[in-house]
Amino acid sequence: MPSPRDTQPVRVRFAPSPTGLLHLGGARTAMYNFLLARQTGGQFILRFEDTDQKRYDPAAEQDLIDGLHWLGLRWDEGPDIGGQHAPYRQSERKDVYKPFAAQLLESGHAFYCFCTRAELEAKRQEQKARREQARYAGPCRDLSPEAAIARVAAGEDHVIRFKMPKEGSITVTDRLRGDITFENRNLDDYVIVKSDGLPVYHLAAMVDDHLMGITHVFRGEEWIPTFPLHVHIYRAFGWQEPEWVHLSLFLKPSGKGKMSKRDTQAMQLTGQTIFIKDMQALGYLPEAVLNWVALMGWSYDDSTEFFTLDDLVQKFSLDRLNPSNAAIDFRKFDHFNGLHIRALAPEELARRILPFFEQAGIPASLEALTRIAPLIRERMVTLDEAPEWTAFFFKDSVEPDPASLVAKDLNPAQSLAALQQAVARLEALPEWTHEAMEPPLRALVEELGLKAGQLFGILRSAIAAQPVSPPLFESMAILGREVSLARLRRALALLEQQVK
RNA sequence: GCCCCCAUCGUCUAGGGGACCAGGACGUGACCCUUUCAAGGUCAAGACCGGGGUUCGAAUCCCCGUGGGGGCACCA
């Protein structure tokens, strides 16, 4: 069911509330918005829904902005850069909502409510005791407008509620699920303006989306229960609705429910996170985050899985969105990270791993890392592994475990003899390159009747002094003749000690 | 409890009446390659929640169960 509205330039928005850090779900929603905007030549807008001053977290705004930047999702209008419809922070738009609330009051679609929280809570308890549906049951709905206005004028505390029809039903249309019908009697007289005068999401988001010309609304499935309210509001104003796209939810790895605070904390202990901010430090690539998350709820075909952001801009389609929830699978995240690392050019990989060396206190230059990058690119899962893989390149000398210098199935004396000959051949080399050293050493393996792994294992251990390391010849070439030979001679000495 | 959404391998998914003894990927196992570790390659095991319909024919459409998930705030 493709809609012609998907191919016209769209206006979409990512509208998080600055109450917490940017996480996977938000990143996916933001990306889908971004993709559709770029694909159609439309606009992607960032808007902060901060009408709840109690939950506001000043650090969250910056985190949201930083996270989106890191992911490479740029917006065309937003609180930090302005735009045609500024401001893009709802707390700064208090005055724009007022006339709309007034209009709803006048047209009879809303009413003033003077019930206190305590009264409401008591009613809810009663309803619960009677096993009834909990919903607004106060007297204010039936107050005459004159009486209500008089009480407001007298300074009485109040909220504004949407006057939900008691009868009938409403059918709303979600892009992924089709028509959904709700009985109005199951809907509540929701508060749309709080006693502090600020609208709640239900009003603020609808007004802003309309005013900002939003054509497609992407949001999580948790909004479906209040979806009919939102459409009621649109209809009360006589506005044209956007395309509503309710995305599936991300479930915890076990598949049992949404991520809770407790879950996210437990996750950090195992090096897993749903927060974009932490992913960079853990060595993940924004490309991998995007690729991974794009495929949770969307697919291109029956086999393509590797996508860059540009690919996604080109290939994304609302019609291939999947409505069922998805359990987060971090192993797949690692897989995508490896794929994207391998897709990086050496100099680019070097640039990405440089911060990890700085953090480890290893004075590695970009030039050196660029030469080393190809050796580790094929074996890395996360960027933070780079320093441990390559630490030996940046040491003046290394101290291999003596036992590691004795090859499998050989005794120390035999290992020493093999290494002596290997060193002799290497010393005789006219030039110190991978191409120059491999043939004579392979020949030596042959002559000694050894297996390649036996001889090269000794050399690798002498050079890198770590149980696993990048390939030998490439490593020696980068290390240079002097350093390599010095390390081999040191290994010779260690072996001699074992022989006597 | 009430309302709503969803339902294919352990996980992410393809499939939108015959092309399906259900395809891909992650993970798992085996093998190949191999100087370690990876990467890469090959192969293998592994799923249509159940029951009714509709139809010549259903993973695909409908209904009922069941299961999972979400929501029921002056939060978003």
Side-chain angles (χ1 to χ4, degrees), chain A residues 15-20 49-52 54-55 113 115-117 120-121 124 127-128 131-135 157-161 174 176-177 180-183 185-188 190-196 198-202 204-205 219-228 246 248-249 251 253-258 292 295-306 320 322-336 338-339 342 376-381 385 389 404 407 441 445 451-461 464 466-473:
Chain A
S17 71
T19 53
E49 311 224 319
D50 58 348
T51 51
D52 185 358
K54 289 188 288 293
R55 294 204 309 155
C113 176
C115 296
T116 65
R117 290 165 204 267
L120 259 17
E121 188 48 41
R124 266 197 285 271
Q127 291 169 330
K128 201 173 169 187
R131 307 215 348 269
E132 282 174 13
Q133 226 175 119
R135 71 163 82 74
D157 253 17
H158 63 276
V159 299
I160 298 174
R161 289 176 180 274
D174 170 64
L176 279 63
R177 297 157 243 267
I180 306 173
T181 298
F182 293 81
E183 296 299 324
R185 68 182 144 77
N186 288 325
L187 269 17
D188 206 352
Y190 301 93
V191 169
I192 54 176
V193 177
K194 297 178 284 180
S195 53
D196 64 5
L198 278 170
V200 298
Y201 173 90
H202 305 309
R219 54 185 356 186
E221 188 191 84
E222 71 267 27
W223 287 106
I224 291 182
T226 48
F227 185 12
H246 291 92
S248 63
L249 263 23
L251 271 25
S254 64
K256 299 246 169 263
K258 291 205 294 189
W292 176 41
L295 260 12
M296 295 177 70
W298 176 84
S299 62
Y300 176 63
D301 59 18
D302 64 350
S303 55
T304 316
E305 294 225 304
F306 182 90
R320 297 196 60 89
N322 181 331
S324 42
N325 296 169
I328 296 171
D329 183 357
F330 288 98
R331 291 173 304 189
K332 199 139 188 176
F333 187 18
D334 282 341
H335 171 251
F336 278 119
L339 291 184
R342 261 155 251 135
I376 55 174
R377 185 173 53 180
E378 307 307 314
R379 31 183 65 67
M380 273 200 288
V381 172
E385 296 166 357
W389 268 107
S404 73
L441 256 20
V445 166
K451 286 179 182 162
Q454 291 176 300
L455 208 219
F456 298 161
I458 299 171
L459 295 174
R460 247 186 2 87
S461 192
Q466 47 189 52
V468 302
S469 72
L472 173 66
F473 300 119

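In this text, all values refer to a predicted model and were calculated from it rather than measured experimentally. To find a chain, count down the sequence lines: A is the first, B the second, and so on, and within it residues start at 1.
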Could you pull out all residues at least two apart from [X] that satisfy side-chain hydrogen bond (donor to acceptor under 3.5 Å, both in side chains)?
| X | value |
| --- | --- |
| A:Ser195 | none |
| A:Asp188 | none |
| A:Ser461 | A:Ser404 |
| A:Arg117 | none |

Could I get the full list of ring pair (Phe, Tyr, Trp, His ring centres under 6.0 Å) partners for [X], not counting sequence neighbours?
| X | answer |
| --- | --- |
| A:Phe336 | none |
| A:Tyr190 | A:His202 |
| A:Phe182 | none |
| A:Trp389 | none |

Residues A:Asp329 and A:Lys332 bridged, charged N to O under 4.0 Å: no
Taking only the [atom1] atom of each, what is the distance from [N] to [M] in whole angstrom?
| N | M | atom1 | answer |
| --- | --- | --- | --- |
| B:U54 | B:C63 | P | 15 Å |
| B:U8 | B:A14 | P | 10 Å |
| B:G68 | B:A73 | C1' | 26 Å |

What does [X] touch in the nucleic acid at a heavy-atom separation under 4.0 angstrom: a base, only the sugar-phosphate, or nothing?
| X | answer |
| --- | --- |
| A:Val200 | sugar-phosphate |
| A:Lys256 | sugar-phosphate |
| A:Thr51 | sugar-phosphate |

Rounded distance (nearest 0.5 Å) linking atom CZ of A:Phe306 with atom CZ of A:Arg342: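 A:Phe306 atom CZ to A:Arg342 atom CZ measures 10.0 Å (nearest 0.5 Å).
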Annotated protein contacts, base or backbone, on nucleotides 35-42 of chain B with a non-hydrogen cut-off under 4.0 Å, one of B, S, - each: BBBBS---
Contact state string [nucleotides 2-15 of chain B, B base, S sugar-phosphate only, - no protein heavy atom under 4.0 Å]: SSSSSS--BSBSSS
[N] pairs with which nucleotide, Watson-Crick or G-U wobble, both distances below 3.5 Å?
| N | value |
| --- | --- |
| B:U36 | none |
| B:U55 | none |
| B:G65 | B:C49 |
| B:U11 | B:A25 |
| B:C72 | B:G1 |
| B:A19 | none |

A:Arg55 or A:Gly255, whichever maps to the more 5' nucleotide of RNA chain B: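 Its nearest nucleotide lies further toward 5', so the answer is A:Gly255.
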Audit row: A:Glu221, A:Lys258, salt bridge (Lys or Arg N to Asp or Glu O under 4.0 Å) steps and yes/no: CA-CA 12 Å; A:Glu221 188 191 84; A:Lys258 291 205 294 189; over 6 Å; no
Separation of atom OH in A:Tyr300 from atom P in B:A25, rounded to whole Å: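 Distance, rounded to whole Å: 17 Å.
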Salt bridge (charged side-chain N to carboxylate O under 4.0 Å, His left out) involving A:Arg135 - partner list, sequence neighbours excluded: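 Salt bridge (charged side-chain N to carboxylate O under 4.0 Å, His left out) check on A:Arg135 returns nothing, list empty.
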Kindly give the atom pairs (protein nitrogen or oxygen, nucleotide nitrogen or oxygen) under 3.5 Å for nucleotides 61-63 of chain B.
none

A:Lys194 side chain near B:C75 phosphate (N/O to OP1/OP2, under 4.0 Å): yes
